[in-house]
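Chain letters run A, B, ... following the sequence lines, proteins first, then strands; residues in each count from 1. Since the model is a prediction, treat every value here as computed from it, not as a measurement.
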Amino acid sequence: MRITTLTSIAVLLLLGATSALAAGEDDYKAAYAAAEAANKQAASLRNQWTTTASMLAAAKKFADGGDFDKATASAKEAEALAKASIFQATSEKERWRDLEIR
Amino acid sequence: MASTIRVRATSSGETTEVQALIQHPMDSGFIKDSKGELIPPHFIQQLTFEYNGKPVFTADWGGGVSKDPYVKFAFKGGKKGDELKVSWVDNKGATDTTTAKIQ
Amino acid sequence: MTNTDNGFSATRRLILQGAGAVALVGLGNLPFGLAPAFAAANDKYPEEAFKQKSEADAIKSLYGKTAEVSDKVKMDAPEIAENGAVVPVSVTTTLADVTSISFLVAENPVALVASYKIPAGTMPSVANRIKMAKTSNVIVVVEAGGKLYSATKEVKVTVGGCGG
Amino acid sequence: MKLRSTIQFAAAAFALALLAFAAPPAVSADKVDPVADEKAFKKFFYDKFPKLKPEDFVNGPYSMDADLYKQWQDKEQFPPYEFSLELGKEMFSKPFKNGKTYGDCFPNNGIGIRQDYPTFDEKEGKVITLELALNRCREANGEPAFSYVRDEMAALTAYMAFTSRGKPFNIKVPNDPRALAAYENGKEYFYTRRGQLNFSCATCHVQSPGEKVRTEVLAPALGIVNAMPIYRSEWNGMGTTSRRFTTCNSQIRGVPLTPQDDEYRNVEYYLSYVSNGLPISGPGARP
């Protein structure tokens, strides 16, 4: 079923997200800035996800604790979440009518 | 300030049905607030209903009774227009009392 | 079926307008620890029973004996509580000489929820709303003629979600 | 926790992508027709729940589940919104510092008019909800606005709803392009999927009312605003329409808009309009 496909893709994505080796503060800062920018765009589309904000907060916390590996990974996750929310908002501009009772 | 006690006492002739709703947080002491700190226990411990100077119903409550507690019971007798006295005391020593006319 | 039916809203209206019928006699916070003036001496609050974790210990502390299951104790409680914070539970019994009725929730941190004293002339029937931490047996104990009788029902509790 | 959320986001993103490619192109936008919408909306719910009478819908999940219905009836014997209702009455009748009252801001002194809100203000070109009108009334009389999601606003609207109980919703969409646009925008908001869970309001309240999400029975969208404000046991207190909208958004992991944002006003306008004719039942009690 689709679930299996989804899960394996998710696992692949997960591996991709966390296999970045020994990220430094600069990597983190770049990843964080990218995530913030994407989340800002989501805000302009009035479709931010709460999980993006939590992931950004997690990234910051890891960075404050000096763990830039985890901080960078979290920031990248936040960016992916923000991008998914942008994608959602954009595609829904037309697609909402599919659900309409008429 | 309005009373914390709302009472509805209705006589059917033979019996009087009593319903009461009380405004009280009924904090059990087991729930955490948004900061993750335990909310200290604060609940009504005893609630009494008196008719003609005699208790017709006494409730002993713990923190497991719902917020803004509700109770319903009935007793034999009780005439329309007579008064029912209702009082409570909580674990911090606060109290409230009211009288309600039987309808 | 709607809550706008006449009987009900008439009652509601009465309550609002009849606020004056409920006269406020006394109000105020007594200093901490002061015994309430109205509590009769024989109506001691069962402090210890409300500290017991298990229902068995609570019943023992409250009554000093154990209860036997009786089909004369009729409990009305939902199969699934709409919310654990407010679970309407009521009990009525055909047993004679009832002197007290108690409600317990086995899985709550404190099992005893409420204990009602039923003087002669008061009906052996009580309805109240209780909190349930999770799915649990609800136990009602009726003291009648010096003996204890009980009924038990499981109520399922779930929380949160996209309801309402 | 982290693993789980990663999978969720990846799965959500992927599912979105899949859907985008799989779905046929959306039905093209056509003329805004509130009358036809209302008819279709009601027919959908009446067909889905043939046993219910139209006025049953205003009681939300309680009309759809016998066990819940009984618990509700038990609670209604002395409903938990009682204190809020009394507070609302007291607040409503108490004059502001300048001597004026809430009644002065509304037709018929504010009594029995809840069913006419939201209304479309043709001067301003925007939807005015009851909550918004109440705060504007306060501000016009030199009083600070209330929070839209807190108890004072709930109490005021509870009292106003109570004076309108049983009166059918009477929402008007004037033939003004701005009104029609606001209505259409509200409809779009209602059907638009958002949040990480990719839910629209309709996902829960059109497709699945009467069904259970973690054993909570979902309320039908038809009649859902008729019961506002509501005492929710889950909140352990009262909530306004604003509170309901914002919490719905966060439950699907979307960041809520500001209460009384234009879009929230529009979605309330839309939802109220399609429930026209159904009685006001607020204040309500909900799980």
Report which part of [X] has an atom under 4.5 Å of a heavy atom belonging to chain A: side chain, backbone, both, or neither.
{"X": "D:Asn249", "value": "neither"}
{"X": "D:Lys187", "value": "both"}
{"X": "D:Phe45", "value": "side chain"}

| field | Pairs of heavy atoms under 4.5 Å with chain A: top-ranked of D:Ala202, D:Gly254, D:Gly195 | value | D:Gly195
| note | One option among D:Glu263, D:Glu188, D:Arg194 has the most heavy-atom pairs under 4.5 Å with chain A, and it is D:Glu188
With a cut-off of 6.0 Å (strictly less than), are more than 12 heavy atoms of other residues, nucleotides or ligands near [atom1] of [X]?
{"X": "D:Arg150", "atom1": "CZ", "result": "no"}
{"X": "A:Lys83", "atom1": "NZ", "result": "no"}
{"X": "D:Lys48", "atom1": "NZ", "result": "yes"}
{"X": "D:Asn175", "atom1": "CG", "result": "no"}

| Residue list, side-chain contact (heavy atoms from CB on, under 4.5 Å) with D:Asp33, at least two apart or on another chain | D:Lys31, D:Val35, D:Ala36
| Who pairs with D:Pro34 by side-chain contact (heavy atoms from CB on, under 4.5 Å), at least two apart in sequence or on another chain? | D:Val32, D:Val173, D:Leu180, D:Tyr183, D:Tyr273
With side chains defined as the heavy atoms from C-beta onward, is the minimum distance between [X] and [Y] less than 4.5 Å?
{"X": "D:Gln207", "Y": "A:Leu99", "result": "yes"}
{"X": "A:Ile101", "Y": "D:Val206", "result": "yes"}
{"X": "D:Arg253", "Y": "A:Trp49", "result": "no"}

| said: Does A:Leu81 form a side chain to side chain contact (heavy atoms under 4.5 Å, CB included) with D:Gln196? I'd like the steps, not just the answer. | reply: CA-CA 8 Å; A:Leu81 285 166; D:Gln196 194 193 21; 3.4 Å; yes
| request: Using the side chain to side chain contact (heavy atoms under 4.5 Å, CB included) rule, pick out the option among A:Glu92, A:Gln88, A:Arg97, A:Arg95 that qualifies with D:Thr192. | output: A:Glu92
| said: Let me confirm one number: the OG-CG distance from A:Ser91 to D:Asn198, rounded to the nearest 0.5 Å. | reply: 8.0 Å
| task | Decide yes or no on side chain to side chain contact (heavy atoms under 4.5 Å, CB included) for A:Arg46 and D:Asp261, but give the supporting numbers first. | result | CA-CA 11 Å; A:Arg46 304 167 71 73; D:Asp261 182 282; 2.4 Å; yes
| Counting N and O atoms only, with roles assigned by atom type, does the side chain of A:Glu100 sit under 3.5 Å from a partner on the main chain of D:Tyr191, one being a donor and the other an acceptor? | no
| request: May I ask you to decide whether D:Glu38 forms a salt bridge with A:Arg102, counting only side-chain N to carboxylate O separations under 4.0 Å? | output: no
